[in-house]
Number of protein chains: 2
Amino acid sequence: MATLKVPSHVPSPSEDAEQLQKAFSGWGTNEQLIIDILAHRNAAQRNSIRKAYHEAYGEDLLKCLEKELTRDFERIVLLFTMDPAERDAYLAKEATKNSSIHLVLMEIACARSSYALLDVKKAYHARYKKSLEEDVAHHTSGDYRKLLVPLVSTFRYEGEESDMSLAKSEAKILHEKISDKQYGDEELIRILTTRSKAQLNATLSHYNNSFGSPINKDLKADPSDQFLKLLRSAIKCLTTSEKYFEKVLRQALGKSGTDEWALTRVVATRAEVDMVRIKEAYQRRNSVPLDKAIAGDTSGDYEKMLLALIGAGDV
Amino acid sequence: MATLKVPSHVPSPSEDAEQLQKAFSGWGTNEQLIIDILAHRNAAQRNSIRKAYHEAYGEDLLKCLEKELTRDFERIVLLFTMDPAERDAYLAKEATKNSSIHLVLMEIACARSSYALLDVKKAYHARYKKSLEEDVAHHTSGDYRKLLVPLVSTFRYEGEESDMSLAKSEAKILHEKISDKQYGDEELIRILTTRSKAQLNATLSHYNNSFGSPINKDLKADPSDQFLKLLRSAIKCLTTSEKYFEKVLRQALGKSGTDEWALTRVVATRAEVDMVRIKEAYQRRNSVPLDKAIAGDTSGDYEKMLLALIGAGDV
């Protein structure tokens, strides 16, 4: 469930484009007008506005926003305005250039549906004249490559079926490999990267029931191991993505300073998807509404845009 | 270029369905009528006939063909009548059950366009309630798995661009690994399984120019090694698929008896794609037209169906 709020009467794309053009003109920029429009239009509507803007003014709306805005506010407006597939392709490209952000590639591979991931790959082809797979494979190595390449490559089955005997046999394989600390083992990676989410849920339930603890607990053997952390995140993202994103937000809004980069990414990518559930998970875990936590850690137009996207004021 | 010949006037799908139903009725089966219809309709037309047949008679045309026909003739008619993506899904499923036929998985991964391979994956989901990737990963092992899983998984970029400096650096990597006999090396496999066909062509030309022999010659170090054979076939399939299929046909029609299984597969899968080029390659290599070779090795309705599909009588 999305937190994005679209008004019951939406102006035409060319009216919105005209308003945005006005927001850029004259003395200073009218940030509030930009928020009022772009934070309250769905992906299809934003695409139509970009098209109308280009037709009317001969310029790319994203380029104009880039010129007019700065810093965190610029980034959240730009990311959110992009089409979701284009946005993921862009985030993935950034991630391949900076191999420390394996997490973003994992998120795009695990928290999108098979068809949404396919759209990301098509957008990647169109924009970068390469495949997502070749860039990920080229820019990663070792266990990270072994995990991330199949994660971004597989077109997972999305049906609800699960095979209990398979769940049993594969839970056993996972338990053996984890007990032997073979975290980069090819069977372990095969199971996590190719099985459907329904099948993985069945396998991991079986794991918990048969071996007495959840897989992610067993994967905490060495809390400082970054690959193990990625593996746990991937499992969480595949099985209970709202809890994964709750944790990213919790850490981003943590005591050791705000991580605007993560906050922006999660809000921009989930506002139209499952932010309602993420907010619920956040409230449950932290006993504070997400709105309040964000308002406490951010300010100005950036704060306003974030709060608009997460539907602040809703219960 | 396809060899499939569709008449200038095509009856309506329901007329075709009615004729087929007649071919199944009465004393014996009218095989010639089946050939006259099904070997001369394109994939969209065959799909419409199946739909019309189901509407008129409440039965699946494929099931009826299965009941009426036998042996090699049955197999070629069934395979050809299927939708191309459904047929590939079916062939791939057969291949995962019989791990000796890695070749078929490789063919489907390498000789189809990215979008055709995607359609195969969608057909696989629909028919088998699983992903192609998970079945391939589950049913293969060792170097075969290392090669085949990314081959079937990657959504390759299909543009014509190639990057010469990348071609140079990756030709060098390939040469080093092959010189060291590291045929299952992950860098070698990464390059072959993720780069676009245009990029691979550039890399392999560079290989040939810089190191004095084509890559497939260097991969012949041990002619009895089955994995090396698969690697050479994949490279051929990715870069000059008509030569690859010419060789499969040459071996299928070879002196040591006919391999109907391979002959049927190649004719059924290529008649609508590039059989014109395959026939040209066959004539060049064997100084005998493919029609003549097939007529010499096969007989009866099976022969008639094969010859109809490869457009026998055309030059």
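Order of the sequence lines sets the chain letters (A, B, ...), proteins ahead of strands, with each chain counted from 1.
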Please determine, among B/L132, B/V149, B/L118, the option with the most heavy-atom pairs under 4.5 Å with chain A.
-> B/L118

Under 4.5 Å from a heavy atom of chain B, the part of A/K146 involved = neither

Where does B/L166 contact chain A at under 4.5 Å (heavy atoms): side chain, backbone, both or neither?
-> side chain

Search all heavy atoms of A/S153 against all heavy atoms of B/E133 and return the closest pair with its distance.
-> O-OE2, 4.1 Å

B/K122 vs A/Y115 side-chain heavy atoms within contact, under 4.5 Å | yes

Without placing hydrogens or testing angles, list every side-chain donor-acceptor pair under 3.5 Å for residues 188-200 of chain B, not counting sequence neighbours.
unit_1	atom_1	unit_2	atom_2	d
B/R190	NE	B/E187	OE2	2.9
B/R190	NH1	B/E170	OE2	3.1
B/R190	NH2	B/E170	OE2	3.3
B/R190	NH2	B/E187	OE1	3.0
B/T193	OG1	B/I189	O	2.7
B/T194	OG1	B/R190	O	2.8
B/R195	NE	B/E170	OE1	3.0
B/R195	NE	B/E170	OE2	3.3
B/R195	NH1	A/E134	OE1	2.8
B/R195	NH2	A/H138	ND1	3.3
B/R195	NH2	B/E170	OE2	2.7
B/S196	OG	B/Q199	N	3.1
B/K197	NZ	B/C110	O	2.8
B/Q199	OE1	B/D163	N	2.8
B/Q199	NE2	B/D163	O	3.2

Residues, nucleotides or ligands: over 12 heavy atoms within 6.0 Å of A/K93 NZ | yes

Classify the angle between the aromatic ring planes of B/F155 and A/H125 as parallel (below 30°), tilted (30 to 60°) or perpendicular (above 60°).
-> parallel

B/Y90 atom OH, over 12 foreign heavy atoms within 6.0 Å = no

Side chains of B/T154 and A/K121: does their closest heavy-atom pair fall under 4.5 Å?
-> no

